[in-house]
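The structure appears below as structure tokens.
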Amino acid sequence: RWLRRMWPLLAARKWRFFGALFAALVAMVAGVMIPRVTMSAIDQGLRSRSRPLEHFVWILGAVALVRGVLTYWYRTTLYTVAYDLESDLRTSMFGHLTRMDFAFYDRVQAGQLISRANSDIRSVQMFLTFTPLISLNLVSFFVAFGLMLSIHVGLTLVAVATLPFTYLSGSKLRNISFPMSWIVQGRTAEITTIVDENIQGVRVVKGFAAEERELGKLARAPTRRRGANVKLNAARAAWGPLRETLPRLGLAGVLLYGGLLAIDGDVTIGAIVAFNAYVVLLQAPFRFLSFILIMGQRASASAGRIFEVLDAELDDDRATITT
């Protein structure tokens with residue numbers, strides 16, 4: 001539901017957004033073609049010398065130029081859209097807060113509002129803007145997969161054998177990260193609340209000589225957040241190396257099986273070189289897929305915290321903000 005509620009903000013600049021995504025798609029597909037051109041250059045330009053090597057050099061140069069121009073344009077455009085979205089979200093939240101009555105601010109901690117207007121909006125902005133871009137890697141995956149099948153089916157199956165495990169490790173990390181991300185955001189808002197209350201009420205604190213008590217409160221708040229952060233980073237430390245190792249295992253399998261095929265003359269040296277590059281390209285979308293899931297869980301938690309503020313109504317006794 002939160003994505004549907006955010007769509008009007010993105011629809012206001014949909015032409016720039018989808019134009020940038022189309023440019024990104026063309027750039028990614030061009031990148032997928034580079035290993036295939038390299039394979040032809042090795043087999044036809046170096047080994048059999050059936051075609052001049054300069055021909056492939058010009059092709060690679062043209063592809064690199066197109067990718068460079070398109071990459072510059074779509075990244076610049078997406079960053080512009082991202083900051084516009086962030087500005088719109090903050091303006092909407094601030095406009096809503098200016099219409100709330102005094103009773104609302106008596107019930108809600110200022111630090112919670114500040115945290116939701118900063119870190120939570122940034123999480124939602126990053127997800128809305130960059131997740132579609134990362135999702136386009138799946139298109140490059142299918143293009144690369146088709147090109148690999150056209151070269152050798154068995155070697156393709158070896159190259160993709162580790163992909164399910166890459167996805168499963170990312171899903172496991174996501175299931176741990178979601179509740180921890182919510183807790184970390186809430187504990188961060190708690191620290192912001194303590195600092196804000198002490199700055200705003202510094203005369204009261206000094207008047208009652210409560211400096212030591214407030215310092216103790218501020219010292220305990222980061223300790224509470226540290227526990228959630230440690231558990232979150234422990235999960236990343238446990239599952240991150242596995243996600244990094246799996247592509248190397250796929251590469252090792254390609255080199256082993258591809259080497260045996262090359263000895264028997266079933267594949268060329270250029271094909272093995274191309275498969276080495278494609279293994280990395282194939283793994284990237286699955287690694288990014290788990291990253292999208294983690295980012296989506298965090299954005300969902302942040303969006304819930306944002307709409308908790310935006311859905312608060314005037315003179316509504318139930319308009320409270322959970323920590």
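Start at 1 with the first residue, then count along the sequence.
- Cluster annotation: Phe22 is connected to Leu70 through the hydrophobic network of ILVMFWY side chains, with a link wherever side-chain heavy atoms come within less than 4.5 Å.
- Shortest non-hydrogen contact noted between Gly258 and Ile272 is O-CD1, 3.2 Å.
- Remark: side-chain polar atoms of Thr71 are not paired, donor with acceptor, to backbone N or O of Gly68 under 3.5 angstrom.
- Atom CG of Leu53 sits about 11.5 Å away from atom OG of Ser40, to the nearest 0.5 Å.
- Cluster annotation: Ile121 is connected to Trp7 through the hydrophobic network of ILVMFWY side chains, with a link wherever side-chain heavy atoms come within less than 4.5 Å.
- The backbone N or O of Ile306 lies less than 3.5 Å from no partner atom in the side chain of Asp120, so there is not a single donor-acceptor pair.
- When all heavy atoms are compared, the tightest approach of Ala299 to Ser123 is CB-O, 4.0 Å.
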Fill in: Steps toward side-chain contact (heavy atoms from CB on, under 4.5 Å) verdict (Ile42, Thr268)
CA-CA 9 Å; Ile42 294 174; Thr268 62; over 6 Å; no
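- By the 30° and 60° cut-offs, the orientation of the rings of His152 relative to Tyr257 is perpendicular.
- Between Leu21 and Leu25 there is no side-chain heavy-atom pair separated by less than 4.5 Å.
- Of all heavy-atom pairs spanning Ala303 and Val124, the tightest one is N-CG2, 3.8 Å.
- Grouped with Trp15 in a hydrophobic cluster is no other residue, since no side-chain heavy-atom contact under 4.5 Å to another Ile, Leu, Val, Met, Phe, Trp or Tyr is found.
- Using a distance-only test at 3.5 Å, with no hydrogens or angles considered, no donor-acceptor pair links the side chain of Thr77 to the main chain of Tyr74.
- Note: Phe145 and Phe141 have parallel aromatic rings, judged against thresholds of 30 and 60 degrees for the angle between ring planes.
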Test side-chain contact (heavy atoms from CB on, under 4.5 Å) on Ile151 and Thr156 and set out the steps.
CA-CA 8 Å; Ile151 299 172; Thr156 302; over 6 Å; no
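- When hydrophobic clusters are built by joining Ile, Leu, Val, Met, Phe, Trp and Tyr residues whose side-chain heavy atoms come closer than 4.5 Å, directly or via intermediates, Val37 is not grouped with Leu147.
- The CG atom of Leu60 lies 10.0 Å from the NE2 atom of His55; values are rounded to the nearest 0.5 Å.
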Going through the distances and angles, do Thr80 and Arg13 end up as a side-chain hydrogen bond (donor to acceptor under 3.5 Å, both in side chains)?
CA-CA 10 Å; Thr80 302; Arg13 45 192 63 87; over 6 Å; no
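- Residues Arg67 and Ala27 approach most closely at NE-O, 3.1 Å, considering heavy atoms.
- Around atom CZ of Phe307, more than 12 heavy atoms belonging to other residues, nucleotides or ligands sit under 6.0 Å away.
- Between Leu260 atom CG and Leu255 atom CG the span is 11.0 Å, to the nearest 0.5 Å.
- Nearest heavy atom pair, residue Trp73 against residue Gly19, reads CZ3-O, 3.3 Å.
- Val153 and Leu256 fall into different hydrophobic clusters, where Ile, Leu, Val, Met, Phe, Trp and Tyr residues are linked whenever their side-chain heavy atoms come under 4.5 Å apart, directly or through other members.
- Of all heavy-atom pairs between Val63 and Ala30, the closest is CG1-O, 3.5 Å.
- The CG atom of Leu89 sits 11.0 Å away from the CG atom of Asp84 when rounded to the nearest 0.5 Å.
- For the atom pair OG1 of Thr38 and CE of Met33, the computed distance is 10.5 Å after rounding to the nearest 0.5 Å.
- For CH2 of Trp58, the number of neighbouring non-hydrogen atoms (other residues, nucleotides, ligands) closer than 6.0 Å is 12 at most.
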- Starting from the C-alpha separation in whole Å, work towards a yes-or-no answer on side-chain contact (heavy atoms from CB on, under 4.5 Å) for Val254 and Met148. CA-CA 12 Å; Val254 167; Met148 293 170 68; over 6 Å; no
Q.
Let's go through Tyr278 and Arg36 carefully: what are the C-alpha distance in whole Å and the side-chain angles of both, what is the deciding distance for side-chain contact (heavy atoms from CB on, under 4.5 Å) to 0.1 Å, and is it a yes or a no?
A. CA-CA 9 Å; Tyr278 280 133; Arg36 185 60 181 262; 3.6 Å; yes
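- Under the 4.5 Å side-chain heavy-atom criterion for Ile, Leu, Val, Met, Phe, Trp and Tyr, Val160 and Val143 are members of the same hydrophobic cluster.
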